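Inspection log for the structure reproduced underneath, given as structure tokens.
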Amino acid sequence: MERIWAPWRIQYIQMEKPVGCILCEKPGQNNDAQNYILHRGDKNFIILNSYPYNPGHLMVAPYRHVASLEKLTDEERQEHFEIVSRSVRVLKQVFNPGGFNIGINLGKAAGAGIEDHFHTHIVPRWQGDTNFMPVLSDVRVLPEALADTYQKLKGKL
Ligand SMILES: [Zn+2]
């Protein structure tokens with residue numbers, strides 16, 4: 001797999017990670033716009049990744065704090081992948097990418113950043129990538145870029 005050059009993610013890599021679970025905390029707050037929550041299903045929600053590899057980098061997660069795929073109930077799993085599928089369809093319409101990486105990292109050894117709360121990454125890809133994310137001094141995604149992505153997708157998922 002070709003790696004994405006995403007230098008702004010150094011901020012995420014270096015930062016002090018929050019003690020709690022953001023995939024529990026964010027949907028628990030009543031502040032979807034600021035938390036970049038794009039959609040709330042019955043069992044799962046969609047959130048914009050604040051440290052994206054590319055514009056439109058989404059995460060789908062169950063509300064329930066479960067660490068692994070096989071711990072999802074049938075209903076949770078079914079809705080989870082329906083939402084993943086719908087996300088791909090909407091991202092195609094809105095961003096017209098050349099492809100996608102859709103990924104689940106189970107466990108720290110596999111590279112999971114939030115290892116205790118199962119989630120699926122959806123990363124739109126373009127030929128060549130890297131020139132689409134407006135960055136500041138090469139290391140920080142402009143907050144406006146995330147807000148802009150949020151506005152483009154809000155209501156469509
Ligand atoms: Zn959690």
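Remember, it's a predicted structure, so these values are computed and weren't measured experimentally. Ligands are counted one by one from 1 in listed order, and the atoms in each one are counted from 1 as well.
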Given the side-chain rings of His117 and His119, with only the six-membered ring counted for Trp, is the space between their centroids under 6.0 Å? no

Looking at the rings of His80 and Phe118, which for Trp means the six-membered one, are their centres under 6.0 Å apart? yes

Indicate yes or no: does Glu115 engage Lys108 in a salt bridge with an N to O separation below 4.0 Å. yes

Would Asn44 and Glu76 count as having a side-chain donor-acceptor pair, cut-off 3.5 Å? no

In His65, which N, O or S atom comes closest to the Zn ion (ligand 1)? ND1

Metal site angle (apex the Zn ion (ligand 1)), SG from Cys21 and SG from Cys24, 10 degrees: 120°

Please find the N/O/S atom of His117 nearest to the Zn ion (ligand 1) and write down its name. ND1

